[in-house]
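Keep in mind that the numbers below use all heavy atoms, side chains included, and drop hydrogens, waters and symmetry copies. Residue numbers start at 1 and run along the sequence shown.
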Amino acid sequence: MYQAEQILKKYFGYDSFREGQETLVDGILNGQDVLGIMPTGAGKSICYQIPALLLPGMTLVVSPLISLMQDQVFSLNQAGVRAAYLNSSLTPGQYRTALKYMRQNQYKIVYVAPERLLTESFLDAIQDMDISLVSVDEAHCISQWGQDFRPSYLKIPDFVHILKKRPVIAAFTATATREVREDILALLNQQDPITLITGFDRENLRFTVRQPADKWQAALEVIREHEQECGIIYCLTRKLVEEVCESLVRAGYLATRYHAGLSDEERHHNQDDFLYDRQQIMVATNAFGMGIDKSNVRYVIHYNMPKNIESYYQEAGRAGRDGLPSDCVLLYAGQDVVTNNFFIDKMEAPEDADEETAKVIRERERERLKKMTWYCFTNDCLRDYILRYFGEYGSGYCGNCSNCLTKFREEDVSETARNLIGFVKACSWNYGLVTITDAAHGSRSSKILKAGLDQNPYYGSCSNVPLPKLRQIMNHLAAQGDLKITDDRYPVVRLTSGSDEILQGRQVVMKMAEELPKTAPGKTELSDKAGKKGGRPADHLQGDMDRGLFERLRTLRLEIAREEKVPPYIIFSDKTLVQMCLLKPKSKTEMLRVSGVGEVKYEKYGERFLTALSEET
């Protein structure tokens, strides 16, 4: 692996591999297929880029994400590696030029959209080329049970079969359940692959769920904690994106927007404004961000609950890609469930899917939505909930999520639970959660009266319990399986065997929040442990570091980025600048000890940063 480590330092500036990277790099170099399941920010791209530079032929990277291709090619070219991408963002002339240079073996790495693989022009260009490695990024897209099924991914095995010599097949993804992993292995026809799962945990991310009365004010609180730092706000609808972005601009923030209703030109312009730090906040639908490699995003706010855990974890994972502490905040409201169910109803079935398959896919989407909803209501460790979803089991306490940083007390809610279950049992028709809790609370709304629910013997039996708490208990019962919320278009509440056990006297105890942290998150009595896991985001600028120097280095980085016409984080990440401030290198040898500074980048920028550092000593 000596050569691989030399390449790692020379082009990427790192002294050693992260967990799992060396195993996968070594496997590819030995001619073995590999499947790498690694969390966002764990360095998946290194696992195929290093072998690409050492193998004799060219490497093809199949990716569905135009933004990821552009980011990766930018970064590789800056590091001194010849790379290109082939996708719909190129003009016909640019596409033909890229194919010509590819034929001339000018590139070591070429990123290609899956739809391009079997086109006549592409097949003609690669027919005599030596392709040593085909790396499939976002490999979960090949599975129809994955959250982002792309039928075009099913063409990859056909493409490989056409090649004169079978290349090594590598596959990578950040989020894949056991079923999806099995699909990847089978559908890509991987041969005796090395399968490596490094774990799904991102310890530097702090997870928070809130159910605020005013989402706008809750979002502002997070933004104010991160003044002058970059963040993303995800919204479920285009209309909400527009409203939130306009409100931010009126409040004096540098904010832009991204959704499918904008023209290609405007989306591209707005994305560049965010990537190049001309705008600090991106407000967007889930159309934005997959594959965005911007390393200095310090917070991600979900203004609405997304449709599943996979989507949430990938979108939240846009934060803290440089490994520094970052915030992931989800703002939940009951309407989010209704909106997501509407989107599931309207979702288009995959190509060539029959009616039965389309129905099964929708049912699975509703099951995923249900598990996402339980995440918003659990009082257990949020990190542990996510890890368990992907089949990984943690300690049950991370010290760095809103639940672990909140003090809970156990409360016996058996009487209220029996009243709610009794209400459901006494109904002659099936009703939704909100209707049942409203009626059990004693609502006199026209809907309740028209349905005759005021005649139910349990009507008003929970009037002494605050309505928000009543809904929390109802959700707890559903999450524990003591009630069932159906996966129908209009979900209704039904009884289970657990319901009878509670009616017969089984006790129901649940954790209730006693008090929220009295100080800022990460500054509680748990701060020592939270600090090791991440702590308060602003604390990444700490210790003996000169904050003024850090800002001056950021200014220099921005100046160089504008000269080079690339995003600032591609020059050096925030983490690299922090290390420069702490180590204060005075020579090339010392500068090369800074993580993220390789020989190629030193030759380009090292002297200017050394000069800036020397002016401070």
Side-chain angles (χ1 to χ4, degrees), residues 11 45 48-49 51-53 55-138 141-142 150-170 260 262-272 275-276 287 290-293 351 564-567 570 600:
Y11 291 102
S45 58
Y48 59 79
Q49 288 171 352
L53 295 175
L55 291 170
M58 186 183 73
T59 289
L60 283 180
V61 182
V62 182
S63 172
L65 308 167
I66 290 175
S67 55
L68 179 139
M69 297 186 199
Q70 293 171 335
D71 252 17
Q72 295 282 355
V73 170
F74 261 142
S75 297
L76 287 167
N77 289 337
Q78 282 296 307
V81 178
R82 292 297 303 272
Y85 56 81
L86 299 168
N87 57 43
S88 59
S89 70
L90 299 177
T91 65
Q94 290 171 328
Y95 189 79
R96 286 192 297 271
T97 299
L99 286 180
K100 181 180 76 173
Y101 288 151
M102 189 174 74
R103 280 195 194 96
Q104 296 171 356
N105 296 314
Q106 301 244 3
Y107 305 123
K108 284 298 289 179
I109 304 176
V110 172
Y111 287 77
V112 60
E115 295 80 10
R116 302 271 165 176
L117 288 175
L118 296 179
T119 60
E120 186 177 345
S121 60
F122 186 75
L123 290 174
D124 180 61
I126 58 92
Q127 62 178 338
D128 295 319
M129 297 191 65
D130 178 15
I131 298 174
S132 300
L133 170 65
V134 171
S135 183
V136 182
D137 209 1
E138 308 295 338
C141 294
I142 202 170
R150 309 289 177 93
S152 55
Y153 261 56
L154 295 172
K155 300 174 184 176
I156 297 172
D158 296 334
F159 169 76
V160 171
H161 184 69
I162 289 171
L163 299 176
K164 293 178 181 178
K165 182 186 75 175
R166 184 187 187 275
V168 174
I169 307 297
L262 303 176
S263 67
D264 288 346
E265 183 180 359
E266 185 171 359
R267 281 201 305 273
H268 183 74
H269 174 78
N270 292 351
Q271 177 172 296
D272 278 355
L275 293 179
Y276 286 74
M290 294 305 298
I292 290 296
D293 202 21
E351 293 176 14
E564 301 260 344
K565 295 182 171 54
V566 297
I570 283 180
V600 175

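- We find the CD1-CD1 distance between Ile156 and Ile142 to be 5.5 Å, quoted to the nearest 0.5 Å.
- Tyr153 and Pro64 get closest at one heavy-atom pair: OH-CD, 2.9 Å.
- When atom types are taken as modelled, the side chain of Tyr111 and the backbone of Ala83 share no donor-acceptor pair closer than 3.5 angstrom.
- Looking at Val81 and Gln49, their side chains never come closer than 4.5 Å, going by heavy atoms from C-beta outward.
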One pair to check against salt bridge (charged side-chain N to carboxylate O under 4.0 Å, His left out): Asp128 and Arg103. What are the steps and the verdict?
CA-CA 8 Å; Asp128 295 319; Arg103 280 195 194 96; over 6 Å; no
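- The CG atom of Asn87 sits 8.5 Å away from atom OG of Ser63, with the distance rounded to the nearest 0.5 Å.
- Under 4.0 Å is where a charged nitrogen must lie from a carboxylate oxygen, and between Asp272 and Lys565 no such pair does.
- Shown are Leu163, Asn105, Leu60; of these, the side chain to side chain contact (heavy atoms under 4.5 Å, CB included) with Met129 is made only by Asn105.
- Of all the heavy atoms in Leu86 and Met69, the pair that sits closest is O-SD, 4.4 Å.
- Proximity of a side-chain donor or acceptor of Lys108 to a complementary backbone N or O of Leu55 within less than 3.5 Å is detected.
- Of the inter-residue distances, the one linking Leu117 atom CG with Lys155 atom NZ reads 8.5 Å to the nearest 0.5 angstrom.
- A distance of 10.5 Å separates CE in Met58 from OH in Tyr107, rounded to the nearest 0.5 Å.
- In this structure the side chain of Thr59 never reaches within 4.5 angstrom of the side chain of Val110, judged on heavy atoms.
- Taking each heavy atom of Ser135 and Tyr48 in turn, the nearest pair found is OG-CD2, 3.2 Å.
- Within the 4.5 Å cutoff, the side chain of Glu564 has no heavy atoms near those of the Phe74 side chain.
- One distance of note links CD1 of Ile109 with CD of Gln72; it measures 8.5 Å at 0.5 Å rounding.
- A salt bridge links Asp130 with Lys165: the closest approach of a Lys/Arg side-chain nitrogen to an acidic carboxylate oxygen falls below 4.0 angstrom.
- Remark: Arg82 engages no residue in a salt bridge (charged side-chain N to carboxylate O under 4.0 Å, His left out) (not counting sequence neighbours).
- Here the side chains of Gln127 and Ile162 are not in contact, with every heavy-atom distance at 4.5 Å or above.
- Val112 places none of its side-chain heavy atoms less than 4.5 Å from the side chain of Phe159.
- In this structure the side chain of His268 never reaches within 4.5 angstrom of the side chain of Leu262, judged on heavy atoms.
- A heavy-atom distance below 4.5 Å is not found between the side chains of Arg150 and Glu138.
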Pair up each side-chain donor or acceptor in residues 90-97 with any protein partner under 3.5 Å, not counting sequence neighbours, and list the distances.
unit_1 : atom_1 : unit_2 : atom_2 : d
Thr91  : OG1    : Gln94  : N      : 3.1
Thr91  : OG1    : Gln94  : OE1    : 3.3
Gln94  : OE1    : Thr91  : N      : 2.9
Thr97  : OG1    : Gly93  : O      : 3.0

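- In this structure, Gln104 places its CD atom where more than 12 heavy-atom neighbours from other residues, nucleotides or ligands lie under 6.0 Å away.
- Side-chain contact between Ile570 and Ser75: present, with at least one pair of heavy atoms (C-beta onward) separated by less than 4.5 Å.
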